Each structure stands twice: as structure tokens, then as C-alpha cells.
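Lettering follows sequence order; numbering is per chain, from 1. Computed from a predicted model, the values in this text were never measured in an experiment.
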Amino acid sequence: MNRFLSSAFVILIGLLVILVPTYILPVCPPTEIMANSHDHHITYKFMKCHWTSQAEIGIGTAMVVIGLILLLIKSTLIRLGLNISLVVIAMFVAAVPTILIGVCPSEMMACHIGTLPALLLLSGILFIGILVNIFYLKRLS
Amino acid sequence: MHIMPQIKPITIYRLAWRNLAQKPFRTTCLIIMTLLFSASLFGGSILTKNLNDGIAGMANRLGADILIVPYGYEKELEVALLRGEPSTFYLKADLAQKIEKIKGITAVSSQLFIASLSAGCCTSKLQLIGFEQSTDFVISPWMKQQLTARLHDNEVVVGSKILADVGDEITFFNHRFRVAAKMDSTGMGFDTSVFMTMDAAYNLMKTADLLSGDVDHIRNYVSSIFIRVDHDYQPKAIVNQIMQKYAVEYNLDFVMTKVMISDIYKWLNSFSVIVYTLAAIFWLLAIVVIFIVYSSTINERKREVGILRILGASRSMLVKMLFIESFIISVIGAIIGIIFATIVLCAFSMLICQSLGLPCINASFSSAITYGLIVFILTLIIAPLASSYSVLSITRTDSYQAYREGE
């Protein structure tokens, strides 16, 4: 893939990894717990999908940064190395909501029917796109 | 020893493929045009089929003709049936005994709806439904396969999407219940509901302090009354009779299941019209764009065709090569479009159905294959049809003239 095209692809997927669990298909909101009935102090209990979304924000940010570096670096070998790191990152995008942290198990929850499949889809798209790019860069080098 | 690289023989298939690979941007754009059609038609058709099956399944399973609810709560009942969205509303229970006597009514059964609190982390509110086992004709017929014995007051039957298995304990308002049976998927709101005996539901309401006011006479209230009407009588006529006699005294509202189902079917028809119109627009758009792209490259390609004619290619070979080119575009567009729509549908079908608020049943593998084949064939004809004029006009010119015209 062309340098600009490949970095735009990585930045776009990175932004989507950040935006999907936070705005596009958000995870479940925290549940309100009235901790103290006297002063009506409300505390919030976060479900585990919330921590998945936090982790995905971190992973997405790393992808955006790598995408920007891909745009600036001309060396084929460095770009190849960065692309190989993106393969691992693509796996993390899928592993966080499935194995490492997870989402709510109920099929009625927003995170289970919206955020989870969207993140898996983004991970798959990134994985395939990066493999194509690695193949292209390997031929170039 | 120097080994000569092996040169692959030139065939019309290879030439067609190389022609497409030579212009990656143009080829990609043409493929996108065809895949837009295949993805929208395949995805839209399967989604319509899923909704249609879900609604048909619901119509078959819902054994009641008329549902009585308190005035202003008919939408809540529809939403509880379709989506399982929890709600709580009450109606005086003695109405059931009174309307039993009306001629034309064959069965009457009451249900009590309670919206649960979310049971903790990663759980949502559920619809708890108390039902009368002795008179019930709505839920029991499709619980028989899972529940052989009579349901006890400390037992519940859970919908297919509830995260509990038979034998598990489940807690609602600090009351523990044993899961006696789990229902098969219905595609409707009952999948996310929990069923218990009427006594258990009343006890739950009383001890959990869910009702304010007339707590001592809690058994005088139900949420809805389900009525089955004799085939020889019109449900509308029965509704009119109940209205005249009891509407003012009990402040009632009615849901006629046939009207509700036909309203949903009307909506589904409009939805399928939009889907197929969109697909038709994409089909025409793909044909027009490919026609324009091929027509605009006639001159450029006349030179290429002229050279091939001079090199000895026959006219039929060239026609074949150019048609294979357009055929490859259609095939790739059709395959990618169908795969894309399948992935999106598999990933988001539940989200789509929940957003639409309608019951869904996933289409069978055989019907998906049938739809896929129809879409594939319709997509296959796009590019060859759109390019036929240009192909014939390019190859009609004689070789030398074609070569000079292209200069």
C-alpha cells in the first residue's frame, strides 16, 4: 500500500477503536449507587465493559501515533517493523473485549451486541489490511 | 548455468486480468459500484427475511386475540411483547371473571407484569411475568417441552437470553428462585422475560414493597388480561361489548393482536420497498457509471485493440477478452459485497433488531445461500451489460483504423 494510504488506514482504524466504545456504539453506562442516604451522595459502579473501553482508548491512541510515524518515515524496513507491531496491536483490539477484560455476558447489554462485534470487526479489518501492507513492503525491500 | 526465466503464455484471461491490474484505481471504483449493489440487496433481503420470520413466529405463538390493559398502556404492552422492555401497570382482576361470561370468548387468563431491578453488575432490568397456570393458554403451550411438572412458587421459567441454566438459583428483590426450565428462543420479548406463578409474583410485590396504597388487596390487581375468541366471532365485536359494559368502570384499553401484527407487517412492507428501491438505484447507478467509464475509454482502448488485431488476435477473441474484464469486475464486486453484508449482519443482527424494536429470527443457511445466488447472478450481469456497447463498438472498427484512431 502507498505510504499515505497505509498511514491514513491505520489512523482511521485507530480513531474508530477509540470512538466505537466511547461514542459510536458505547459500552454500558455506570450504575448509580446511593452510598449515603443522608447527604444523597451518589457513587457509580462501573461494569467490566467500561474497563475494556478504557483499554481500547489506549490501544487506539497507540495506533494513531504509529499511523503518524508511518506517514513521516520513508524507510521501508522501519515501516515494515511498525506494521509487524500493528499485527500484535490488531490482536489486542480483539483480545481485550474477549479474553483479557471482556464485556457484559448478557445478550441484552449494549456492549455485548454493539461494542464487542464492532471491535472484533475493526480488529479483523486492521489485521487483513496490515498483512496486505506487510506483503507489499516485503516485496519493496 | 544460466537459467532463463519462464515466460507465461499470453491468454485472453491473463490479458484481461493484466488490463484490470494496470488501472487499479479505475478497477477498484468499478468494483465498489457493483459491491454497493450486491451488499445492499443481499443485506437488505436477509434482514427483511429475518424480521418477517420473527413476526410470523410471534403471530403463531401469540395465542390470544385480544389483550386488555389499563387505559393508556397499550404501547407498554406491545413493547413488552415485542422487545421485553420491562414495565409495570395494574388493572382490577375481577374483570376477568366478568368477561368470561361474554358469548364468543373461549378462554381468559390474567398476567401480572413486574419490572425487576437490575440484579447487579453487568445485568439489565428484566420483565417478570406472573401467570395463572390453571387458565393460561399463552405461555404454557410453548413451555411444555421444557417444563413437564407444575411450576412451584419458588421456581421460575426463564427466557432464552437470560443468563441462567436449569437448576441455577436466581434472585429478584432478595427472593431466591430456582430455574425450573429455560425456553427456546422465540425472537420476541419473552426471550428476556422471567415467568413465575401468580402467587409468587404477588408475594414478590408485597414483600418487596413494590405497590403503594392498597397493599392488603394486592391480589385484586393484574397487569393484563389475555382473551381468546371463538372462530365464529369477530374480536372487534367482543371488544365493543366489553367497551360498552366495562370501559368506564375499569378504564380500559385494548390491543387486538391481529391489528398489531398487521400494523407491523405494513411497516415491514414499507421497509422492504425502501430496501429494494435502494438496491434498484444502486443497480442502475452501477450500470450507468460502468457504461460511462467504458464509453470514455473507447478511444484509448481502440489503439490497444488495434495493436492486438495487428498481432493476430481475432475479433471474437477481443470481444471475449473485454467481456471477461467486465465479468471479473462483477464477480469480485458480487463476492466482496455478499461477504461484507454477511459479516455486518452476523455481527450486528441483534443490535439492528433491537434498534428496530421487532422480533427477529436468523435466516436458515439454505435461504441465505438462495438469496446469495440470486444476488450473485444479478450482480454478474451488471458490468457485461453496461460495457457491451463499448466492447462492440471498439471491436467493430478495422485494425489499422482502430490503431490510428487511438493515436
Side-chain angles (χ1 to χ4, degrees), chain A residues 1-2 4-6 8-9 16 20-21 24-34 43-53 93-94 97-98 101-129 132-133 135-136 139, chain B residues 21 24-25 28 43 79-80 82-86 115-127 158-165 168 170 182-183 185-194 336 339-357 359-360 362:
Chain A
M1 266 194 280
N2 173 291
F4 295 101
L5 204 67
S6 63
F9 170 73
L16 284 173
V20 160
I24 299 170
L25 290 165
V27 292
C28 311
T31 45
E32 277 182 25
I33 298 169
M34 196 83 85
T43 53
Y44 292 96
K45 191 178 179 185
F46 291 104
M47 302 181 197
K48 65 176 174 180
C49 54
H50 168 79
W51 307 112
T52 288
S53 82
V93 173
T98 51
I101 300 175
V103 291
C104 301
S106 169
E107 285 181 22
M108 292 171 279
M109 309 297 276
C111 61
H112 192 105
I113 58 170
T115 321
L116 173 67
L119 287 173
L120 292 180
L121 206 61
L122 285 175
S123 164
I125 293 168
L126 179 68
F127 193 81
I128 293 167
V132 171
N133 204 23
F135 180 71
Y136 167 77
R139 278 181 66 182
Chain B
F25 183 72
T28 310
V79 164
L82 294 170
R83 293 185 232 176
E85 242 171 58
S116 84
L117 296 172
S118 52
C121 181
C122 281
T123 54
S124 53
K125 286 182 178 180
L126 300 172
Q127 179 75 69
V158 295
S160 64
K161 286 183 187 167
I162 306 284
L163 283 174
D165 290 316
D168 287 356
I170 193 165
K182 189 164 185 167
M183 284 166 30
S185 174
T186 60
M188 50 195 273
F190 288 148
D191 285 350
T192 56
S193 301
V194 174
I336 295 176
I339 291 173
F340 175 74
T342 307
I343 290 170
V344 170
L345 274 180
C346 286
F348 299 111
S349 67
M350 277 182 58
L351 181 73
I352 295 166
C353 293
Q354 207 179 67
S355 311
L356 293 173
C360 267
N362 283 342

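With a threshold of 4.5 angstrom between heavy atoms, A:L116 does not approach chain B through any atom at all. Both the backbone and the side chain of A:A118 come within contact range of chain B, with heavy atoms under 4.5 Å apart.
Residues B:F348 and A:L121 share a closest heavy-atom pair of CE1-CD2, 3.9 Å.
For the atom pair A:T115 OG1 and B:L351 CG, the distance stands at 9.0 Å (nearest 0.5 Å). For the atom pair SG (B:C346) and CG (A:L120), the distance works out to 12.5 Å, reported to the nearest 0.5 Å.
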